[in-house]
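Structure record follows, encoded as structure tokens.
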Amino acid sequence: MIENNRYVLKRSSAAPVSPRFTIDYEKDLNPAQYAAATVSDGPVLVIAGAGSGKTRTLVYRVARLIESGLPPQHLLLLTFTRKAAQEMLNRAGLLLGTACDRVAGGTFHSFANTVLRRHGAAIGLDLAFTILDRTDAEDIIQLLRNARGYGEREKRFPRKNTLGEIFSASANKSTGLEEIVFGEYPHFSEHLEDIRQLEKAYTAYKQQRFLVDYDDLLLKLKELLETHREIREQLSEAYRAVLVDEYQDTNKIQACVVRLLCAVHENIMAVGDDAQSIYSFRGANFKNIMDFPKEFPKARIFKLEENYRSTQPILNLTNEIINRAKEKYPKHLFSRKEAGRRPVLVQAEDENRQSRFVCQKVLDLREEGVPLEQIAVLFRSSHHSFDLEIELGKHGLPFVKRGGFKFIETAHVKDVLAHLRVLLNPRDAVSWNRLLLLIEGVGPKRSQAVIAALAKETDWLKMLKVQAEQKAGGPALKEVTRLFEDLLSAPRIPSEQLRRIYDYYTPLVSQRFDDYPKRIKDLEHLYAITERYLKLDEFLSDITLEPPNESVTEIEPTGREDEKLVLSTVHSAKGLEWHTVFIIWALDGKFPSLYSFDTDDELEEERRLLYVAATRAQKGLYITYPVNVYDKAMGTVLSKPTRFLDGIPRSLYETWSLIEEDM
DNA sequence: AACAAGTTGTTTTTT
DNA sequence: ACAACTTGTT
């Protein structure tokens, strides 16, 4: 549960109220972990192999710092995902009791949000700013693109999502637009000047309307820290020890922010694994972790190489996969869990055979007593699981899907949120546009006219009433006006406001979407989330920065609630582990993806991705691929298993072929 | 100017 | 299979 953008422990009754009398660091940790957890002040880098007890080490580090007298609120824990932060604080809570309740932490983005809401005024930011997600950003880009007539040209102009990617890549990699366009989109080189103009317009648009996208959060935090010494020192004082998890996934801006935060004390512990860097498309650079010792010359380096997760046969294979990588901190993972089955490479005749194999095997495992939630199916892209999802449905196997489209990104949820967002930031033209277009008789032209009129008047509700008097879109606009009158009349909590919006919006959903029952159910889910919040701004920030990571597709279980098979993209599986893991679509051209064939760097990242997937397994690992898959984009038939198994001794895994099997 | 139906192009991964 | 763009109708 999140309150005030700070992670607050859910207090289980089992958790001790006060710190455990003594923590036996030496007994609980292996020598390498012990050394890292108890090291004295100063910069520290921990290279932690997959499953090597990284979280455990961090937790004990936190414990040690608090024990040695550092008040918990002076500790800042930056992690990549909310889940990781929660996991860590929960475990620290078990060890230390409520003392770590006040440890500050979260993702870089949520931390940036907290700081900017407080100090943003120093760099001219209105504190009521709205955070744009990717689709919101693209909506604006589209608007500007059309307004400037870039759409209708003889020569093809990049689409909104391409433009969004270009802008974001430029921001995250700290490189000029020029380099991005020439390097990654050479076919759009001739439009460079227009692209540049468009980015300027986009920036200006956001500025005027108090809008901030994901990249801006980081950039503005960096700007704030760089340009305001007193704030930098204040924060450095407030957070006297900084711990960064998954350091291999940070980009230049984030590394810079860390540097600035620690400028005074250099009490920084970075933990990560270069072999698990899988976010370079977002500007993350695993060289960051390689360069850490250069950034902090006094850094001490620790390596955790003993793996507590997987059996040796699984590690033998994963070690081979990663040892073929080009650049890395050399390490060799070993396990004391000698016994175990070798991983299996399974060839299936086609996609459906692959799905049926997985179902069959999952049923077998359940028979053997492996709980469903201890089994995961991992894949490169979220659509790779579609066929399997249908097959699981047929077998009555319940599952949750992680990664891919989130329900927060669906049209109906975004529609509802737009109504809430304008309450907080009436200048949020994206949300106005979205909600106005829902109204019958209002199209793009009328919507823009209304938005322009609202911007002129400080009392926008009054202006909205005036607009509702006019002929076009009259009656329906009046209804919206009444809605906003109600929403503003009495100060209410988010859930009540949402209920009022549903009164207005529910008829619209039924009208607009054939699958409205499902969508109305989603909205009830959203309502349940708002009930946890007392302040609208916190709800909106959280929902954009840390949306529930579960997708819409969810089969209702016949039995127990929590007994569910996990389907996940490899990216979303990071940091997690299961008894048995299936990696499906391990087909060359799918995993690695065809789009990564262009450059060595991208291929190397795909390799690390497979490595991350395979190292999630504790006891069982099945790598499956269908053959004779025709790929439209390439015009070729794909039949070979992933190239990352090439050259690996065949003795390290079993090979099965399903062609003979009848199911 | 808004809306509905038909056509064409495109396809990862996430904060 | 889906979304963005285009064309035709009210």
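Labels below follow one simple rule: chain letters A, B, ... track the order of the sequence lines, proteins then strands, and each chain is numbered from 1.
Remark: the backbone N or O of A:T175 is paired with a side-chain donor or acceptor of A:S170 at under 3.5 angstrom.
For the pair A:K222 and A:L260, the tightest heavy-atom approach, listed with the atom from each and the gap, is O-CD1, 4.0 Å. When all heavy atoms are compared, the tightest approach of A:L378 to A:A573 is CD2-CB, 3.7 Å. Minimum heavy-atom separation, A:P626 to A:D350: CB-C, 3.5 Å.
Nearest nucleotide to the side chain of A:R282, out of C:dC5, B:dA2, B:dT15: B:dT15. With B:dT13, C:dA4, B:dA2 as the candidates, the nucleotide lying closest to the side chain of A:P444 is B:dA2. The A:E440 side chain lies nearest to B:dC3 when the options are B:dT13, B:dT15, B:dC3.
Residues satisfying the ring pair (Phe, Tyr, Trp, His ring centres under 6.0 Å) test with A:Y625, not counting sequence neighbours, are none. Listed by chain and number, the residues in a side chain to side chain contact (heavy atoms under 4.5 Å, CB included) with A:F167 are A:I141, A:L163, A:L177, A:I195, A:L198, A:E199, A:Y202 (sequence neighbours excluded).
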Base-pairing string, 5' to 3', of DNA chain B - Watson-Crick or wobble, under 3.5 Å, | interstrand: ||||||||||.....

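Note on A:S382: only backbone sugar-phosphate atoms sit closer than 4.0 angstrom, heavy atoms only; bases stay farther off. Counting non-hydrogen atoms under 4.0 angstrom, A:F281 reaches a base of the nucleic acid.
A:K445 has no side-chain polar atom (N or O) that falls below the 4.0 Å cut-off from OP1 or OP2 of B:dA2. Distances shown here put a side-chain N or O of A:S572 below 4.0 Å from the OP1 or OP2 atom of B:dT14. Taking 4.0 angstrom as the limit, A:R145 places a side-chain polar atom (N or O) nearer than this to OP1 or OP2 of C:dC5. Note on A:Q142: a side-chain N or O is less than 4.0 Å away from OP1 or OP2 of C:dC5.
Look at CD1 on A:I390: it is 9 Å from P on C:dA1, rounded to the nearest Å. Atom CG of A:N161 is separated from atom P of C:dC2 by 17 Å (rounded to the nearest Å). Whole-Å rounding puts the A:E138 CD to C:dC5 P distance at 11 Å. The interatomic distance linking A:K252 (NZ) with B:dT15 (P) rounds to 23 Å, in whole Å. Computed from coordinates, the A:D515 CG to C:dC2 P distance equals 11 Å when rounded to whole Å. Atom CG in A:L477 sits roughly 14 Å away from atom C1' in B:dA2 (whole-Å rounding). One can place OH of A:Y279 at 11 Å from P of B:dT13, the figure rounded to the nearest angstrom. If you take CD of A:E602 and P of B:dT13, they are 15 Å apart, rounded to a whole angstrom.
Taking the P atoms as reference points, B:dT13 lies 15 Å from C:dA4, given to the whole Å.
Rounding to the nearest 0.5 Å gives a distance of 3.5 Å between OG of A:S168 and CG of A:D215.
Heavy-atom distances to DNA chain B give each of A:L609 and A:S447 a nearest nucleotide, and the one nearer the 5′ end belongs to A:S447. When the nearest nucleotides of DNA chain B are assigned to A:T544 and A:R159 by heavy-atom distance, the more 5′-ward of the two goes with A:R159.
Separation of the A:Y595 and A:F597 ring centroids does not fall under the 6.0 Å cut-off.
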